[in-house]
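Since the structure comes first, as structure tokens, the remarks are kept for the end.
Here is the naming used below: chain letters follow the sequence lines, and residue numbers restart at 1 for every chain. Predicted model, so just to flag it, every value in this text is computed and none were measured.
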Amino acid sequence: MAVDDRYNFHAAEKKWRQRWAEEGLYHVEADPSRPKFYCLEMYPYPSGKLHMGHVRNYSIGDATARFHRMRGYNVLYPMGWDSFGLPAENAAIANQTHPADWTYANIAAMREQMQRLGLSYDWRREIACSHPGYYKWTQWLFLLLYKRGLVERKKAPVNWCPRCATVLANEQVEDGACWRCGTPVEKRELEQWFFKITAYADRLLADLDLLEGWPERVKVMQRNWIGRSEGMELDFPIAGRDEKLTVFTTRHDTIYGATFMVLAPDHPLTLELARGTAQEDAVRAFVERVTRLTVRDRAEAVDAKEGVFTGAYAINPATGERIPIWTANYVLMDYGTGAIQAVPAHDERDFAFARQYGLPVRVVIQGEGVPADGDRLKEAYTGPGRMIHSGPYDGMDSREAYRRMAEDFERQGIGRRTVNYRLRDWLISRQRYWGAPIPIVYCDRCGIVPVPEEQLPVLLPDDVRFEVGASPLTTSERFVRTTCPSCGGPARRETDTMDTFVDSSWYYYRYTSPRDEHQPFDREKVFYWLPVDQYIGGIEHAVLHLLYSRFITKVLYDEGLVPSPEPFQRLLTQGMVIKDGAKMSKSKGNVVSPEDILEEYGADATRLFILFAAPPERDLEWSEHGIEGASRFVHRVWRLVAGCAGPIREAAGQVAVAREGALAARQGAAAEPPAAESPGAGSLEPSKEGWGPEEHALWREVHRAIARTTTDIAERMQYNTAVAALMELVNAIYGYRDRVEPAAQRPDLLAAALDRLLRMLAPFTPYLAEEAWDLLGWRATRGSVHQQPWPEWDPAVLEAGTVEIVVQVNGKVRDRLQVDQGIGEEQLRRLALESPKVQDWIQGKTVARVVTVPGRLVNIVVK
RNA sequence: GCCGGGGUGUCGGAACCGGCAGACGAGGCGGACUUAAAAUCCGCUGGGCGCAAGCCCGUGUGGGUUCGAGGCCCACCCCCGGCACCA
């Protein structure tokens, strides 16, 4: 067996990885004279090891970056680390080390794995959000928002994770549990720092329409999350008091049917209203019971609605009636005003509650089949209809009444039109150590004082104690005690750090000038590189990171610091890597380690399999057989190139010698530039002299593969079909070698075919492509395969020769014809009708119609 | 309940704008090479009927539009994901 027969991926990976680094092959600088392409993957948390999801993410990204580079774009393709966060702190507690030690060791290990994968990052631009050089600017960002009035310290019901011993943003609660550790969260009334993302709710919603390159489902999820709803705030005077109870409703047209009101148990007036009434004890007991529940238990308890009468009454401003005020578990404090008008006839929840507690039901909108008598109503009616029991609006269509009543109520001062959002302000303070300290100082004399920009960064101290449950920064006297930047007197530092999602909401700007010590990013560079052209990451950030980043970008845009109101032009949410139908996880024991796979099959086969096995957006089932297939293909390409290398090099030598001879004869024996084309100068063109059908057919296959691969990647990011096209090309070249006598094979044609093949393989299997390119002698003469232009296809080659035309009779295939591509429609129709097979089918029948589709088919309709 | 995505061979998946259903890969079967095995190279591989040429059926179900439907329209079933007493 020849030495060359198997591609030695271990040796090739080692060699090229080093050479590429030495040559700075992937270094990039802003260059306004060239079109840019910013390709970005969501930077990872440095957990210590890559998992298959990472490998998939970066294989897609690297192929995208490499493809665009070859297409002539100046490509920014950087990598960094989301290196703040709780796991490092937990590891510190467990191992009695510093979070930084654990974090930076993990980064080193993961960087090594990424480099092994052959990812073409410009490593000079690497960032980690836990470096003071980075978090200084995260603190700057906080101050910018502060300056713009977008930071607020307020007391509010917030989510508390008892396990992580910190508060969480709304977006970080999944199904009532902490997104990181799965512990059910509790509601607590705490004073915390918020970013006013709700001030941008409308723009975050409206600008979703600008994002044509985003998957529909991500936009829908954001729309749902923002949850805009138009309605009215209505004021209900409280009987016997000088106060009003304000509710939010989208159905002010049903106000005449409001027969009671409901307050959230944690509404500030709930206990207040009950005080001194016979209901006081019952209300107190109820409120205490409900508010003690975890968020999840409370949500579940709501399936059975429960409530108590507060003992107080309000006046329905439309009817003037006294209606009872209740409190119930189905009304939430953190939506609207925490109070509702209950209209049991026209709201399912109110209906269920009213029936359960025997409260009156009054129909005010009559749809088809809806009884006028509320007692006979079987279920709430939420549709439109004719107004009844509604004073001056009786008889009106409810949609008309909806408009009139809004105007009338505003004029009468009963209420006003308003818009409500589900979106809450972004709670950014965390009672944790391993994050960017919030740059705030508390002074007894001056109150809350932001740390001036010149004093940044507020550094994390080293003398803290890591204990389960405690907020570590409070244990560092040196950190807490400070002087007031405003009056110079003694003051205390804020001991909370920022949510790590603040770090990741702006990191893509930092890559453009990662070492800048004077500003978060260089304006000129940001205006050149941004927005990100292609962003790639998991769907789990559909709301979290992607919403926060859009918000922060809009703030920076308003400040004039960045060129666009949206950060990410196109978004690809890649599917999960699963095994045996389930997400890989330790508990299921179905984890496949990238390390082992890289060792056994190499980077090229791993990348190829992952790109080939499924379209990027869909989940990918890991398959042992599948990666073996990819590995087979890698070796198959290698054998093909190795088998052709001899004749190709020999023929090239003759050509070079001949060219040199001709030049020497013309110019004398002067020093010659190498016979090679300059790097990146283009393609090898075969001489078509004396070509037979085999040669023409192969050449057509080459161009067909280029056309398919190019559109699959550029227009659809369908890497699986692009790879399939390359496999077909390889099969075609093997077929040529198999069918044509070795002596008759055309080395220049084979060289031209391999030239295209290797360049197209370069984004997928970078090591193999470079090794094979080098074996053919082209690296010496033309430079790295990764610096070549992407191949072009010639439509003339594709259109030359014959095509197979399908002939149908009444839509069923009855014959196939080989015809010239340029054949006229009239002639094609004649050939089809003359076909003996077709004749058998149309004999004795009348041809009603003949449909011809050029290049594809003829359909003869007979009766 | 609402919203989004999907249902195609034994499996992963192709079929781009309504034009040959099943590309490519995996698995299976067969052949060549080999003392043999592996590796490699070549071929076959949706179902049914037929000696064969070939014919019929076939993209979750039922209907429709069309010369022609996996892709469009209507009704429904199932799977995955998101949101959910949001007033």
- Note on the structure: Whichever of A:Gly735 and A:Asn420 has the more 5' nearest nucleotide on RNA chain B, that residue is A:Gly735
- Message: Tell me whether the side-chain N or O atoms of A:Asn859 pair up with the base of B:C67 as donor and acceptor below 3.5 Å, since no angle test is needed here.
- Response: yes
- Is any NZ, NE, NH1 or NH2 atom of the basic residue among A:Arg830 and A:Glu825 found under 4.0 Å from an Asp or Glu carboxylate oxygen of the other? no
- Message: So, under a plain 3.5 Å distance rule, would you say the side chain of A:Arg422 forms a donor-acceptor pair with the base of B:C83?
- Response: no
- Can A:Lys579 and A:Glu624 be counted as an ion pair, charged N to O under 4.0 angstrom? no
- Query: Is the base of B:G9 syn or anti, where syn means the angle lies within 90° of 0?
  - Reply: syn
- Winner on side-chain proximity to A:His625, out of B:C55, B:G54, B:A26, is B:A26
- Phosphate-side-chain proximity, A:Arg636 and B:C42, N/O vs OP1/OP2 below 4.0 Å: yes
- Does A:Arg632 put a side-chain nitrogen or oxygen below 4.0 Å from OP1 or OP2 of B:A39? no
- In Watson-Crick or G-U wobble terms, with both distances under 3.5 Å, the base opposite B:A14 is none
- Task: Examine B:G18: is either OP1 or OP2 under 4.0 Å from a nitrogen or oxygen in the side chain of A:Arg856? Give yes or no.
- Result: no
- Message: Syn or anti for B:C17, given that syn means the glycosidic angle lies within 90° of 0?
- Response: syn
- Message: If the cut-off is 4.0 Å, is A:Arg737 near the phosphate of B:C41, judged by side-chain N/O to OP1 or OP2?
- Response: no
- Message: Measuring to OP1 and OP2 of B:A87, would you say a side-chain N or O of A:Ser229 lies under 4.0 angstrom away?
- Response: yes
- Task: Would you tell me if any nitrogen or oxygen in the side chain of A:Arg716 comes within less than 4.0 Å of OP1 or OP2 on B:A15?
- Result: yes
- Partner set under side-chain contact (heavy atoms from CB on, under 4.5 Å) for A:Met576, not counting sequence neighbours: A:Ile578, A:Lys583, A:Asp619
- Message: Does B:G81 have OP1 or OP2 under 4.0 Å away from a side-chain N or O of A:Lys583?
- Response: no
- Task: Kindly say if A:Arg223 contacts the phosphate of B:G4, meaning a side-chain N or O under 4.0 Å from OP1 or OP2.
- Result: no
- Query: Any salt bridge between A:Lys187 and A:Asp334, counting N to O under 4.0 Å?
  - Reply: yes
- Query: With both distances under 3.5 Å as the test, what is the Watson-Crick or G-U wobble partner of B:C76?
  - Reply: B:G60
- Task: Taking only the side-chain nitrogens and oxygens of A:Arg217, find out if one of them lies under 4.0 Å from OP1 or OP2 of B:C83.
- Result: no
- Task: State which of B:A14, B:C24, B:C20 makes the closest approach to the side chain of A:Val813.
- Result: B:C20
- Using a cut-off of less than 4.0 Å, is there contact between a side-chain N or O of A:Asn731 and OP1 or OP2 of B:C24? no
